[in-house]
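Following: one structure in structure tokens, then a few remarks.
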Protein chains: 4
Amino acid sequence: MKAARAKVDHRTRVGRQRSARTEGRIIEAALRVFAERGPDAPVIDDFVRAAGVARGTFYNHFESVEELLHATSAWTTRHVLERIAQAMDDIESPTVRLGVGLRLFFAQAQRDPVWSRFVARVWKVGGLELPVHDLEVGLRLGHFRVPGRDAARDLLLGGAREALRRIGEGQAPPSFGDQMAELCLQALRADQRRIVAALAQSLPDVPERTRTR
Amino acid sequence: MKAARAKVDHRTRVGRQRSARTEGRIIEAALRVFAERGPDAPVIDDFVRAAGVARGTFYNHFESVEELLHATSAWTTRHVLERIAQAMDDIESPTVRLGVGLRLFFAQAQRDPVWSRFVARVWKVGGLELPVHDLEVGLRLGHFRVPGRDAARDLLLGGAREALRRIGEGQAPPSFGDQMAELCLQALRADQRRIVAALAQSLPDVPERTRTR
Amino acid sequence: MKAARAKVDHRTRVGRQRSARTEGRIIEAALRVFAERGPDAPVIDDFVRAAGVARGTFYNHFESVEELLHATSAWTTRHVLERIAQAMDDIESPTVRLGVGLRLFFAQAQRDPVWSRFVARVWKVGGLELPVHDLEVGLRLGHFRVPGRDAARDLLLGGAREALRRIGEGQAPPSFGDQMAELCLQALRADQRRIVAALAQSLPDVPERTRTR
Amino acid sequence: MKAARAKVDHRTRVGRQRSARTEGRIIEAALRVFAERGPDAPVIDDFVRAAGVARGTFYNHFESVEELLHATSAWTTRHVLERIAQAMDDIESPTVRLGVGLRLFFAQAQRDPVWSRFVARVWKVGGLELPVHDLEVGLRLGHFRVPGRDAARDLLLGGAREALRRIGEGQAPPSFGDQMAELCLQALRADQRRIVAALAQSLPDVPERTRTR
DNA sequence: TATGAATGAGAATTCATTCAT
DNA sequence: CATGAATGAATTCTCATTCAT
């Protein structure tokens, strides 16, 4: 994204809005394109065609596919993770936090398969402070007992990625996310009653993001 | 006449041998290239340079990068999985089989980081009948208790892939594979004594494959 | 809004004009290249160099040499044949029409040897409704007496192609076209007086096409 | 064709026969390939595949496609034209000679469509001394009256080429060759009785050449 | 800022030719 | 002589990037 001018006077506001709209169109299109074809295969023309803009317009907003990928990644996951974090603001127990967080995450995936495929394929693991933090708190408090924290982290993230792939393909039943969350907590040897509590907790509302068209 | 046919056969045989050797060189080089750069980024010149053959030679053996990827995948994983299966031929318990199988798999990864990175990045999941079969036997026998078999499968495979990535980067301690195996069995709620047995079992020898140069 | 649309239209129009001009340059160059080297031998670089455009520009306008050949063929012969047809609009007698048409055709060849060689070498026979139509009218009216109309057609077209080749090589005297026309009418056993009339008729003006540079 | 050794002792005879056979196979295959694809489009692999020989074998006999084309041309047309000339040895009248020669030529085309297509597409006009000679004798004797001898020559040869194309496509009735011959003589304003004689003359037997398989 | 034609570097692909067996 | 794998120059084709409007 090219640096926005600091000074925004009245004259430029309209132009900026149009620009923001164009940028949004490109990113939304990119989400779909990356979801279908992965991070490396697409060429600029794919985005240009999907967004319905001219080729030169692309370069008015992004310098390369790489940059577009970053922008799309950030724009796409930041909102979701922020909203999930917010929704869990008042939960204390790391077991419940981790369980509910995973369930919310997969619920989001069920709502938006394109987003799901995008994250499954593109995610270079970033913005994952949330579950990792809960994992570490849980370990410190002795709620989880695992042979190694890196291994635990890899199992959770790897499992989540595969789950997203399956959900994105539409081959997962509605309960799939809860099953996955339960498995994850089992892997961490969480207390059985806490697991049940995490699964029983009714999911807080997460405000829907602007949907992928 | 007989002499003539023998001569033809001889020429043909020599040609075949040379061809097979060249193909092997290309595939071995491809393993390294795919491991470093993933399945989409490399261009034909990368393989050609890595294998030390002429550009035209590539096309004498493979029609596209895609086809080379398949060939490399098959050639690379088949041997390993076959040898692991063989080495566990006399183990009965699905818990122990799954645990030992995973440990052998990660041990192979530790021995050959290039192979590890290749599988982590490229694996489109194939030739995984082995762990999946053990998982299903264990479920049928009641040795594992999971909320859903697809979820269990995804957790195992996803975790294994992340583990391979870490091992391939050289960022995993020697015990990492065993930790991962233990976590996987925990996730399946295997019996604690069986888990201990699976981890205590000394690993059978796996004949080393021709190493990546 | 109106201004914006006008602006878009303006950009589009300018782009179209530039594109059409480039396409014209390529086709004119292709005429020369095909004329010298035939339909199969030339490579894309030949056209690119002759037209003075970039290699990529070629592909912005044509998908292959084949397509360029079609485009060049159509563009090249359509104009000439249309103008000849127009110039003969008021001639009735099929004998005179055929004779004058052939004479005009060869006159065009004499004026433009490049065009002549192109048509001689490349012509896959198309846009020949004109002489064929006159031939059939003449046969129906009994002005021509031939043992078979396909044979007559082949003789005329084959003879014309050879004539173009010779004219294109610059090895034909100015009267060559008239001689050929006379021979053709003789072959059809046209009435002698009509032949004389066809040859005596002063050729109508044919507006010159944009010349090959 | 590479130069044959002058000295042929007993030891080499077998080898030479085999070589001659191989060369023949290649040429016969080339006839078909050139007939289908013209003189410029085919690549060496086409001949190699059609002849069922190895790639290197091609270079043992021919240095290039160009040379193969010449060899095929010569081998193909020489026999035919020689046999036609021979069959007409005792005909005196140039009109009858030309008429019968053309009829024999087209009869050969009807017998061998592959040969026909080859000659139609590839013929760079050579070995045509026969009809040209008859044409000139006829002109000298006043049997033909044409406005120009080059034009007459072009009409005859061009018509013959188109006729071969049509015959080669299998779209000509059996009488097509006779019709064409008649048209040609009409074009030359031959005497009507001589034309009738040329067409009435029963065609002498022409020994069949080794057929294209 | 949006447009899209033109550009040319680079990647993919073909194919004539060589050469060890 | 026959074979066919290997070669690399020539060719085709793609695509990121520029720029005038």
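A quick note: this is a predicted structure, and the numbers were derived from the prediction, not measured. Naming convention: chains lettered A, B, ... in sequence-line order (proteins, then strands); numbering from 1 in each chain.
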Is the phosphate of [N], meaning OP1 or OP2, less than 4.0 Å from a side-chain N or O of [X]?
X	N	answer
D:T22	F:dA2	yes
D:H61	F:dA2	yes
C:N60	E:dA5	no

Any donor-acceptor pair under 3.5 Å linking the side chain of [X] with the backbone of [Y]?
X	Y	result
A:R37	A:P42	no
A:R165	A:A120	no
D:R121	D:E36	yes

Residue C:S19, side-chain atoms from C-beta onward, closest of E:dT1, F:dA2, E:dA5: E:dA5
Selected nucleotide, minimal atom distance to B:Y59 side chain, candidates F:dA16, E:dT13, F:dA5: E:dT13
To the nearest angstrom, how far is [X] atom [atom1] from [N] atom [atom2]?
X	N	atom1	atom2	value
C:E66	F:dC13	CD	C1'	17 Å
A:R49	E:dT3	CZ	C1'	17 Å
B:D40	E:dA11	CG	C1'	15 Å
B:D46	E:dA12	CG	P	8 Å
C:I44	E:dT7	CD1	P	15 Å
C:F58	E:dG8	CZ	C1'	16 Å
C:R55	E:dA11	CZ	C1'	13 Å
D:F62	E:dA16	CZ	P	15 Å

Residue met sooner reading DNA chain F from 5', once B:R21 and C:V65 are mapped to nucleotides: B:R21
5' priority, DNA chain E, between D:P42 and C:T57 [closest heavy atom]: C:T57
Nearest-nucleotide 5' precedence on DNA chain E, B:V43 against C:A54: C:A54
Base-pairing assignment for F:dA20 (Watson-Crick or G-U wobble, both under 3.5 Å): E:dT3
Opposite nucleotide pairing with E:dA9, Watson-Crick or G-U, both atom distances under 3.5 Å: F:dT14
Spacing of D:T57 atom OG1 and D:F62 atom CZ [to the nearest 0.5 Å]: 11.5 Å
Atom pair OG (D:S73) and CH2 (D:W123), whose distance is rounded to the nearest 0.5 Å: 10.0 Å
E:dA11 base / B:D45 side chain donor-acceptor hit below 3.5 Å: no
